[in-house]
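In this text, all values refer to a predicted model and were calculated from it rather than measured experimentally.
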Amino acid sequence: MIGDEGDPRKSLRASEAVREGVRLGIRDALARDVDRTSGRTIRRLAVAGALGLISASMAVALFARGSDDRAQPLQLALCAAAWSGVLVVAYAFILLRVGSRRWPVAQASAVALLGLAVASAVGIACPHPQMLDWWIGSPVGSFAEGRLGFEASTLCLGLCFAIIAGAGASLVASLASWAVPGVLLSSALLFVLVWPAVAVQSLGSSWTTLISWTTGFAVGCWVGVGAARGVRRGLQILHRAW
């Protein structure tokens with residue numbers, strides 16, 4: 001008599017049970033992984049939100065010094081809200097490691113945030129809370145205003161301010177052995193993250209002043225990041241040759 005182990009129907013049922021067990025095991029493992037990933041993502045987004053709000057509030061408080069007679073509280077509140085939104089996205093890019101080899105958005109966001117830190121240090125070091133007032137009263141700014149006009153002098157201020165922020169951030173990132181992305185992406189994100197400081201400083205000024213300062217700042221972001229990358233490459237070439 002043939003035993004049960006030779007019954008093809010029983011073997012088929014056993015194979016189906018094994019396949020079903022494997023399927024359920026894979027499904028449960030994926031579900032647990034999705035839960036862990038979702039929880040980690042939510043925590044990182046919460047951290048990004050908190051960092052963005054804190055950073056924007058501190059930045060507005062810094063760059064709005066001395067503008068009590070120029071800016072309305074509603075204007076400052078709107079600037080803080082818009083700035084915090086941009087910073088939250090930047091922090092989220094970094095914490096979630098958004099990007100690819102072609103578009104390293106997370107690395108570019110880190111460099112841009114470092115540029116904001118450099119710009120904030122410049123704002124703290126500035127002898128006058130209003131950079132434009134200090135610039136016009138300085139020998140360089142006064143010379144530029146006398147030779148080129150007020151708006152051209154404002155453009156020079158934006159250019160210098162952005163070059164310091166961009167070059168400083170790029171050089172510090174290089175010294176820290178960060179993977180610094182391309183000039184275009186880094187300078188674009190640097191402009192987006194730091195330009196609200198220009199907007200806050202320009203509250204109460206004319207539109208032509210804001211446009212001049214913005215134009216100089218946009219060009220300076222590209223020049224600063226590009227110059228720092230050029231210096232870094234030159235040093236690497238000299239190091240290899242040496």
Side-chain angles (χ1 to χ4, degrees), residues 52 55-56 58-67 69-72 74-90 108-109 111-126 128-138 140-145 147-170 182-228:
S55 300
M58 294 176 62
V60 169
L62 170 63
F63 289 104
R65 295 177 304 161
S67 62
D69 56 339
R70 300 184 181 182
Q72 299 296 324
L74 179 59
Q75 292 177 317
L76 295 177
L78 291 176
C79 288
W83 206 347
S84 63
V86 173
L87 290 174
V88 167
V89 173
S109 298
V111 174
L113 284 171
L114 187 56
L116 176 59
V118 174
S120 299
V122 173
I124 294 173
C126 184
H128 194 282
Q130 289 295 319
M131 291 185 183
L132 185 56
D133 293 345
W134 168 81
W135 172 261
I136 295 300
S138 67
V140 178
S142 178
F143 176 81
E145 183 185 15
R147 291 297 184 89
L148 304 175
F150 179 78
E151 305 305 337
S153 180
T154 303
L155 187 147
C156 293
L157 170 60
L159 184 68
C160 295
F161 183 45
I163 288 176
I164 294 173
S170 186
V183 175
L184 182 60
L185 181 59
S186 298
S187 59
L189 288 178
L190 176 66
F191 175 83
V192 172
L193 263 63
V194 185
W195 179 81
V198 174
V200 171
Q201 283 276 303
S202 300
L203 289 175
S205 303
S206 64
W207 281 104
T208 54
T209 299
L210 176 60
I211 293 172
S212 299
W213 201 343
T214 299
T215 302
F217 187 78
V219 175
C221 286
W222 182 79
V223 173
V225 175

Legend entry - Interatomic spacing from CD1 in I124 to SG in C126 - rounded to 0.5 Å: 11.5 Å
Legend entry - Nearest-0.5 Å distance that lies between atom CD in Q201 and atom CH2 in W135: 14.0 Å
Legend entry - Nearest atoms (heavy-atom pairs only) where A169 meets L114: O-CD2, 3.3 Å
Inset, instruction - For the residue pair S212 and F150, establish whether any side-chain heavy-atom pair is separated by less than 4.5 Å. - result: no
Inset, instruction - If the plane angle is over 60° it's perpendicular, under 30° parallel, otherwise tilted; pick one for W83 and F63. - result: tilted
Legend entry - Heavy-atom closest pair, residues G123 and R65: O-NH2, 2.9 Å
Inset, instruction - For S170 and A167, indicate whether the former's side chain and the latter's backbone hold a donor-acceptor pair under 3.5 Å. - result: no
Legend entry - Straight-line distance of L157 CG to I136 CD1, nearest 0.5 Å: 8.0 Å
Legend entry - Spatial distance of atom SG (C221) from atom CG (L159) [nearest 0.5 Å]: 9.5 Å
Inset, instruction - Heavy atoms only: give me the nearest V194-A119 pair and the separation to one decimal. - result: CG1-CB, 3.7 Å
Legend entry - Sub-4.5 Å side-chain heavy-atom contact between W213 and S205: no
Inset, instruction - Specify the closest pair of heavy atoms between I164 and V118, including all atoms of both residues, with the distance to one decimal. - result: O-CG1, 3.7 Å
Inset, instruction - Verify, without hydrogens or angle tests, whether W195 (side chain) and F217 (backbone) share a donor-acceptor contact under 3.5 angstrom. - result: no
Legend entry - E145/S153 under side-chain hydrogen bond (donor to acceptor under 3.5 Å, both in side chains): CA gap, chis, key distance, verdict: CA-CA 5 Å; E145 183 185 15; S153 180; 5.7 Å; no
Inset, instruction - Search all heavy atoms of T154 against all heavy atoms of T209 and return the closest pair with its distance. - result: CG2-O, 3.6 Å
Inset, instruction - Return yes if some donor-acceptor pair links the side-chain N/O of S187 with the main-chain N/O of L184 below 3.5 Å, else return no. - result: yes
Legend entry - Gap between atom CG of L116 and atom OG of S109 - 0.5 Å precision: 12.0 Å
Legend entry - Heavy-atom pair with the smallest gap, counting every atom of S55 and L87: CB-CD1, 3.7 Å
Legend entry - Distance in Å, L210 CG paired with E151 CD, rounded so as to fall on 0.5 Å steps: 10.5 Å
Inset, instruction - Output yes when a side-chain donor or acceptor of S202 lies under 3.5 Å from a complementary backbone atom of V198, and no otherwise. - result: yes
Inset, instruction - Would you check if V111 and L189 make a side-chain contact, meaning some heavy-atom pair closer than 4.5 Å? - result: no
